[in-house]
Number of protein chains: 2
Amino acid sequence: MSEVRWLSDEEQAVWRSYLAATTMLREHIERRLQRDAQMPQTYYEVLVALSEAPDMKLRMSELADASRSSRSKLSHAVNRMERSGWISRDDCDVDRRGSWARLTEKGFAVIHAAAPDHVTTVREALFDVLTPEQVRQLGEISAAIAGNLAGECAKVRAEEGTL
Amino acid sequence: MSEVRWLSDEEQAVWRSYLAATTMLREHIERRLQRDAQMPQTYYEVLVALSEAPDMKLRMSELADASRSSRSKLSHAVNRMERSGWISRDDCDVDRRGSWARLTEKGFAVIHAAAPDHVTTVREALFDVLTPEQVRQLGEISAAIAGNLAGECAKVRAEEGTL
DNA sequence: TCTTACTAGTTGAACGTTCAATTTGTCTTG
DNA sequence: CAAGACAAATTGAACGTTCAACTAGTAAGA
């Protein structure tokens, strides 16, 4: 039981600023995407992952990893997008428990229609307000944070099916 | 109708890294808070805002601003925390439409019990993986992003009651 | 004063996410 | 080739959030 290392005044200020910035940015993008393309950011990421995959299809687990979704969340999301006609589910011959999620032509059209607005939002809200130097810095900072948490997240992912 | 300014390879990489880092960090903190204190991060922020207010009470609208909640979201959240006995609602004499949200003794105890674990989580996942220089950089980057979005968010906030 | 416009806050329904099963199929080892 | 362990994916309930009304009180102008 060691003593808690509280935050210094500067750390406190940075943390609050970080929280404000990331929250506002996320909500801003979410609102725009909802307004322009009638989908949450999560669905956008799922569609992007599929559109970049060979034959525009992935096993559910692969898609879950690619889009940082839990299996359950992805299952619900794919249900929803299947009803919208953006994704279809195909049986997997190799493993009959598994199934493929495939981007339909309609889904392909939807993601391509959504992309320009989305990219513009990201550019205007993020890259346009930072200097090139800051962009580089943000890249390194993000890599450090993500690198440290990757293990933890993998562990959580692994415990999913187990307990 | 001008041409879309797509992201360069470097911007693309930074954006994906940023998305991975912020998503993982948020979910990590959320999981810990849920595990250690049985509350989502949003509720934690509401309790902190109240604990820092004079007499540990704020009008609902002030609390909404302080915790970056929509009025609706806050209303639901306070309902929940009132049932838990962490917050109580007091009538407002000055404006009979309004009401005060006040932190109860139990709520005060809850937030003080939750703080050490939470701060430790934040320190380990954020400050411990960055150099002092990077912490400073992150502060400036966050300020730039938040500063730019503040107007937009205020506008959304204002439209809430109107439409 | 009456009327209209506005503001504070709440509510219920719809949505997306989490959590804890559950189903179905594969792998392993005796 | 059984038997149990494990893996892929889905499901329903509970939760928190959003959205669009809605209630009730205040402010302003005629």
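Heavy-atom basis, side chains included; hydrogens, waters and symmetry copies ignored. All of these numbers come straight from a predicted model, not from anything done at the bench. Protein chains get the first letters and strands the later ones, always in sequence-line order, with residue 1 at the start of each.
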Smallest heavy-atom separation, Thr104(B) atom then Gly85(B) atom, equals OG1-O, 2.6 Å
For the pair made of CG in Leu74(A) and P in dA8(D), what is the distance, rounded to whole Å? 13 Å
Electrostatic pair Glu45(B)-Lys73(B), nearest N-O below 4.0 angstrom: no
Heavy-atom closest pair (Ala115(B) atom, Tyr44(B) atom, distance to 0.1 Å) is CA-OH, 3.5 Å
Take nucleotides 2-7 of chain D nucleotide by nucleotide from the 5' end and write B, S or -, depending on whether a protein heavy atom sits under 4.0 Å from the base, only from the sugar-phosphate, or from neither. -----B
With a 4.0 Å cutoff (strictly under), does any side-chain N or O of Asn79(B) reach OP1 or OP2 of dT10(C)? no
Hey, what's the ring geometry for Tyr18(B) with Trp15(B), parallel, tilted or perpendicular (30° and 60° as the breaks)? parallel
Least distance between heavy atoms, Ala101(B) atom then Leu50(B) atom: O-CD2, 3.3 Å
Sugar-phosphate only, base, or nothing, as touched by Arg31(A) at under 4.0 Å among non-hydrogen atoms: nothing
Round to a whole Å and report the spacing from CG of Asp91(A) to C1' of dT10(D). 14 Å
Length of the line joining His76(A):NE2 and dG12(D):P, which is rounded to integer Å: 9 Å
So, Ser72(A) versus Ser70(A): side-chain donor-acceptor pair below 3.5 Å or not? no
Least distance between heavy atoms, Met24(B) atom then Cys153(A) atom: CE-SG, 3.5 Å
Once rounded to the nearest 0.5 Å, what's the spacing between atom CD of Glu3(B) and atom OG1 of Thr120(A)? 10.0 Å
Spacing of Arg157(A) atom CZ relative to dC19(C) atom P, expressed in whole Å: 13 Å
Which nucleotide sits closest to the side chain of Arg96(B): dG25(C), dT26(D), dT17(D)? dT26(D)
Distance check: side-chain N/O of Arg71(B) vs OP1/OP2 of dT11(C), anything under 4.0 Å? no
Looking at Ser99(A), does any N or O in its side chain come under 4.0 Å of the phosphate oxygens OP1/OP2 on dT10(D)? yes
Is any side-chain heavy atom of Val135(A) closer than 4.5 Å to a side-chain heavy atom of Leu126(A)? no
Nearest listed nucleotide, side chain of Glu27(B), among dT17(D), dT10(C), dT18(C): dT18(C)
With a 4.0 Å cut-off on N to O distance, would you call Arg35(A) and Asp117(A) a salt bridge? no
Whole-Å distance between dT18(C) C1' and Ile29(B) CD1? 18 Å
Checking only heavy atoms, does the side chain of Ser69(B) share a donor-acceptor pair with the base of dT17(D) at less than 3.5 Å? no
Classify the side chain of Ser72(B) versus the base of dT11(C) as yes if they form a donor-acceptor pair under 3.5 Å and no if they do not. yes
Atom pair distance, as rounded to whole Å: CG in Asp93(B) and P in dA8(C): 17 Å
Can you check the Asp95(B) CG to dG25(D) P distance for me, whole Å? 10 Å
For Val78(A) and Ala77(B), find the nucleotide of DNA chain D closest to each by heavy atoms; which residue's nucleotide sits nearer the 5' end? Val78(A)
Might you list the N or O atoms of the protein lying below 3.5 Å from N or O atoms in nucleotides 14-16 of chain C, with each pair's distance?
| unit_1 | atom_1 | unit_2 | atom_2 | d |
| --- | --- | --- | --- | --- |
| dG16(C) | OP2 | Arg80(A) | NE | 2.8 |

Provide, to the nearest angstrom, the distance between the CD atom belonging to Glu30(B) and the P atom belonging to dT17(C). 13 Å
So, under a plain 3.5 Å distance rule, would you say the side chain of Ser70(A) forms a donor-acceptor pair with the base of dC19(C)? no
